[in-house]
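Predicted model only: the values in this text are computed from it and were never measured. Each chain gets a letter, A, B and so on, in the order its sequence line appears, and its residues count up from 1.
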Number of protein chains: 2
Amino acid sequence: MADHVDLVLAQWAVRRPDLDVSPMAVIGRLSRLSRLVDAELRRTFTAHGLDAASFDVLATLRRSDPPHSLTPAELMRSSMVTSGAITQRLDRLEARGLVSRSPSASDGRSVVVALTDAGRDLIDEALPDHVATEARLLAALTEGERDALATTLATLLESLSEEKDGKGGKDKKA
Amino acid sequence: MADHVDLVLAQWAVRRPDLDVSPMAVIGRLSRLSRLVDAELRRTFTAHGLDAASFDVLATLRRSDPPHSLTPAELMRSSMVTSGAITQRLDRLEARGLVSRSPSASDGRSVVVALTDAGRDLIDEALPDHVATEARLLAALTEGERDALATTLATLLESLSEEKDGKGGKDKKA
DNA sequence: CCCAGATGTCTTAGCGCTGAGATACATTGC
DNA sequence: GCAATGTATCTCAGCGCTAAGACATCTGGG
């Protein structure tokens, strides 16, 4: 019943008994789990000729209102990557004919990125496999555990997002 | 109370009502959380002249028995990165005088990586800040929630690790 | 009306990692 | 002994991302 993180905690207890390393029980597992999950998801993406970055953009467009178009700035905020990363992702997807870029009618600085028919077909085909993979990765949990996990992760996500936005902030002056 | 993932789930319910995307409630939050956590941890590492990769290696060595030495292969298994990544991490740390490499006495193919005094001083100085940062990131949870979260993540971690090792195989029954 | 600051997109250098493979040494079965 | 296989380390090209910054365009207060 001891995973890698349990061993790490036991080692720290010997080397640095002065430190309370208990937060690692959560953060350490979160990190390792994320790596394992990413690796598994990648297999599904590869099977459909995609990678995580491309899938992310196509899925975000697919979720948006028809005609499934967003600006690079919106994609950037949704994806948590920099603007340079979005530019390059779109370059790759555009070269493959999966998205199109056209100047925005309402904002001269902006661009409208839209799913092409080929892009929509590809993401619609990959999606069922993707969610099936996700479901398989969670198969070890009961439904109750899954729900509780989602709730707790949502709590953490909100607390970190707020911190990042400066809302309420840490404890410094408002 | 609605985080980004709740919005994503609501969008999929409209665009693809045929799909059960509920696994995203967990997997999606796991991914985003991991990104946010990594970004926060990085700030602490940077403050000590480190990055996540260097910290990982130094901390792994520090946890090992005195004289705090391991082989690249052991570091590779602990870190979940490829051998090429370990070689490069060690190149950087060795160039800074934080670790040393010497040929193994017992295995002609192998190398012994050891913390130098400077490396040990650096990791011992950074560690308290690091665990403090981790504790701050979890401050939104009660102790009970933290424990339950650690337990559930451990369950997932074990199930994915076993799958990877081929133990029990991919197919359900043993 | 106009300008200063905010915003949107793209460019580029540099970084760390992967994946494939090269090389050397170790181990096992015969 | 020795061939076949496995293990340990390193090399290197290629990839996607970040950070910093260049431009163009928008917006709101004098």
Side-chain angles (χ1 to χ4, degrees), chain A residues 31-32 34-36 38-43 45-46 49-58 69-96 98-114 164-166, chain B residues 31-32 34-36 38-43 45-46 49-58 69-96 98-114 164:
Chain A
S31 295
R32 294 181 76 86
S34 180
R35 290 189 68 85
L36 287 172
D38 283 352
E40 279 302 305
L41 296 184
R42 183 151 35 86
R43 293 172 45 185
F45 296 146
T46 301
L50 290 169
D51 55 30
S54 297
F55 183 93
D56 184 33
V57 170
L58 295 180
S69 60
L70 294 170
T71 66
E74 289 169 325
L75 288 167
M76 178 180 83
R77 285 188 282 267
S78 172
S79 301
M80 304 176 66
V81 295
T82 61
S83 63
I86 291 294
T87 297
Q88 292 173 51
R89 288 179 177 192
L90 294 176
D91 287 347
R92 298 194 290 272
L93 290 168
E94 192 179 30
R96 292 180 59 187
L98 300 175
V99 306
S100 64
R101 275 196 271 216
S102 44
S104 165
S106 57
D107 188 332
R109 298 164 301 178
S110 193
V111 162
V112 173
V113 180
K164 189 157 211 98
D165 294 347
Chain B
S31 295
R32 295 181 75 86
S34 181
R35 290 190 68 85
L36 287 171
D38 283 352
E40 279 302 305
L41 296 184
R42 183 152 34 87
R43 293 172 45 184
F45 297 146
T46 301
L50 289 169
D51 54 29
S54 297
F55 182 92
D56 184 33
V57 170
L58 295 180
S69 61
L70 295 169
T71 66
E74 289 169 325
L75 289 167
M76 179 180 82
R77 285 188 281 267
S78 172
S79 302
M80 304 176 67
V81 295
T82 60
S83 62
I86 292 294
T87 298
Q88 293 173 49
R89 288 179 178 191
L90 294 176
D91 287 347
R92 299 194 290 271
L93 289 169
E94 192 178 30
R96 291 181 58 187
L98 300 174
V99 306
S100 65
R101 274 196 272 216
S102 45
S104 165
S106 57
D107 187 332
R109 299 164 300 178
S110 193
V111 163
V112 173
V113 180
K164 188 156 212 105

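- Distance, Ile86(B) CD1 to dG16(C) C1': 12 Å, rounded to whole Å.
- Donor-acceptor pairing under 3.5 Å, judged by distance alone, is absent between the side chain of Thr82(A) and the base of dC17(D).
- Per the geometry, CG belonging to Leu90(A) stands 14 Å off C1' belonging to dG16(D), to the nearest Å.
- At least one side-chain heavy atom of Val81(A) sits under 4.5 Å from a side-chain heavy atom of Arg35(B).
- Taking atom CE on Met76(B) and atom C1' on dG19(C), their separation rounds to 13 Å, with Å as the unit.
- When the nucleotides dG16(C), dC17(D), dT11(C) are ranked by their closest atom to the side chain of Arg92(A), dC17(D) comes out on top.
- When the nearest nucleotides of DNA chain C are assigned to Glu74(A) and Ser106(B) by heavy-atom distance, the more 5′-ward of the two goes with Glu74(A).
- With distances taken from any side-chain atom of Ala73(B) to the nucleotides dC17(D), dA8(D), dC17(C), the minimum falls on dA8(D).
- The nearest whole Å value for the distance from the CG atom in Asp51(B) to the P atom in dT18(D) is 15 Å.
- dG16(D) atom C1' lies 15 Å from atom CZ of Phe45(A), rounded to whole Å.
- One atom, CG of Asp56(B), and another, C1' of dC17(C), lie 13 Å apart when rounded to the nearest Å.
- When distances run from any side-chain atom of Ala53(A) to the nucleotides dT9(D), dC17(C), dG16(D), the shortest one goes to dG16(D).
- Across all strands, Gly108(B) comes closer than 4.0 Å only to sugar-phosphate atoms, never to a base (heavy-atom distances).
- Of the options Ser106(A), Ser100(A), Ser102(A), a side chain to side chain contact (heavy atoms under 4.5 Å, CB included) to Val112(A) is made by Ser102(A) and by none of the others.
- Between Arg42(B) and Gln88(B), the residue anchored nearer the 5' end of DNA chain D, judged by the nucleotide with its closest heavy atom, is Gln88(B).
- The residue Ser104(B) sits apart from the nucleic acid: no heavy atom pair falls under 4.0 Å.
- Counting heavy atoms from C-beta on, the side chains of Met80(B) and Leu36(A) come closer than 4.5 Å.
- The separation between Leu75(A) atom CG and dG16(D) atom P is 17 Å, rounded to whole Å.
- Looking at heavy atoms from C-beta onward, Val113(A) lies out of side-chain contact with Thr71(A) at the 4.5 angstrom threshold.
- Within the structure, salt bridge (charged side-chain N to carboxylate O under 4.0 Å, His left out) contacts touching residues 74-90 of chain B (residues at least two apart or in different chains) are Asp56(B)-Arg89(B).
- The CG-P distance, from Asp38(A) to dG16(D), rounds to 15 Å in whole Å.
- When the nucleotides dT18(D), dC25(C), dT9(D) are ranked by their closest atom to the side chain of Ser110(B), dT9(D) comes out on top.
- The existence of a salt bridge linking Asp91(A) and Arg101(A) is confirmed by a sub-4.0 Å separation between a basic side-chain nitrogen and an acidic carboxylate oxygen.
- Judged by distance alone, the side chain of Ser54(B) and the main-chain N or O of Leu50(B) form no donor-acceptor pair under 3.5 Å.
- With the nearest nucleotide of DNA chain C identified for both Gly84(A) and Met80(B), Gly84(A) has the one nearer the 5' end.
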Protein N or O to nucleotides 4-7 of chain C N or O, pairs below 3.5 Å:
residue	atom	partner	partner atom	Å
dT7(C)	O2	Arg109(A)	NH1	2.7

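- When distances are taken from the side chain of Asp107(A) to each of dC26(D), dT9(D), dT18(C), the shortest belongs to dC26(D).
- Judged by distance alone, with hydrogens and angles left aside, the side-chain atoms of Thr87(B) form a donor-acceptor pair with the main-chain N or O of Ser83(B) at under 3.5 Å.
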